[in-house]
Amino acid sequence: QVQLVESGGGLVQPGGSLRLSCVASGIIFSLSDMGWYRQAPGKQRELVATITRGGSTNYADSVKGWYTISRDNDKNTEYLQMNSLKHEEPAVYYCNAEMKIMGSVRGRSYWGKGNKVTVSS
């Protein structure tokens, strides 16, 4: 069984920073692209950032310059550093990873359970 476990969310004041982490565990054969998505109440889930195994990154326009995605391939972990957070409605941040497990022919997309981030004074 494979799972993604996020951590690091919570309440932060406007202008503050948070760092999210996501660890992939299980019988993983290969771990390729990873990413972060977020979903606010009543809205669709949206892309925040992605990172390839080689470290190439892609960001939503709304977070460029404020958020940084990174990963540690040895630890099967990705991170999202969020700086200068703005006061906005709470959102749940989801970790995503393309993984191939042992014994499977193809890889597929996996999701974490989500981690809530609230920016409020």
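Hydrogens, waters and symmetry mates are skipped; everything else that's a heavy atom, side chains included, is used.
Atom CE of M34 and atom SG of C22 lie 5.0 Å apart (nearest 0.5 Å). Taken from CG in N96 to CG in L4, the straight-line distance is 7.5 Å, to the nearest 0.5 Å. For the atom pair N76 CG and S25 OG, the distance stands at 8.5 Å (nearest 0.5 Å).
Between D33 and T50, the closest side-chain pair of non-hydrogen atoms is not below 4.5 Å. For the pair Y93 and L20, the minimum side-chain heavy-atom distance is below 4.5 Å. Within the 4.5 Å cutoff, side-chain heavy atoms of K116 are placed close to those of P90. Considering only heavy atoms from C-beta on, N83 stays 4.5 Å or farther from Y67 through its side chain.
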* To do: Decide yes or no on side-chain contact (heavy atoms from CB on, under 4.5 Å) for N58 and L47, but give the supporting numbers first.
  => CA-CA 9 Å; N58 178 53; L47 169 73; 3.6 Å; yes

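Following chains of ILVMFWY side-chain contacts shorter than 4.5 Å, one cannot reach Y79 starting from W36, and the two form parts of different hydrophobic clusters. Note on Y59 and L85: same hydrophobic cluster, where clusters join Ile, Leu, Val, Met, Phe, Trp and Tyr whose side-chain heavy atoms are under 4.5 Å apart, directly or indirectly. Hydrophobic clustering keeps Y94 apart from V5 (ILVMFWY residues linked when any side-chain heavy atoms are closer than 4.5 Å, directly or through intermediates). Residues Y110 and I69 share a hydrophobic cluster, clusters being chains of Ile/Leu/Val/Met/Phe/Trp/Tyr side chains in contact below 4.5 Å. Linking ILVMFWY residues whenever their side-chain heavy atoms come closer than 4.5 Å, directly or via other members, places L80 and W66 in the same cluster.
Close placement of the Y37 and W111 rings is indicated, their centers lying within 6.0 Å of each other.
Screening E78, E98, R71 against L31 for a side chain to side chain contact (heavy atoms under 4.5 Å, CB included) leaves a single residue, R71. Remark: of the listed residues V12, T68, V117, V48, V117 is the sole one forming a side chain to side chain contact (heavy atoms under 4.5 Å, CB included) with M82.
Scanning all heavy atoms of the two residues, the minimum distance from P14 to H87 falls at CG-CB, 4.0 Å. For S70 against I51, the heavy-atom pair with the smallest separation is CA-CD1, 3.8 Å. Across G114 and E6, no two heavy atoms sit closer than the pair N-OE1, 2.9 Å.
Of the possible polar contacts, none joining the S104 side chain to the M102 backbone as a donor-acceptor pair under 3.5 Å is found.
Screening residues 100-110 for salt bridge (Lys or Arg N to Asp or Glu O under 4.0 Å), with sequence neighbours left out, gives no hits. The salt bridge (Lys or Arg N to Asp or Glu O under 4.0 Å) analysis of residues 45-67, with sequence neighbours excluded, yields the pairs R38-E46, D61-K64.
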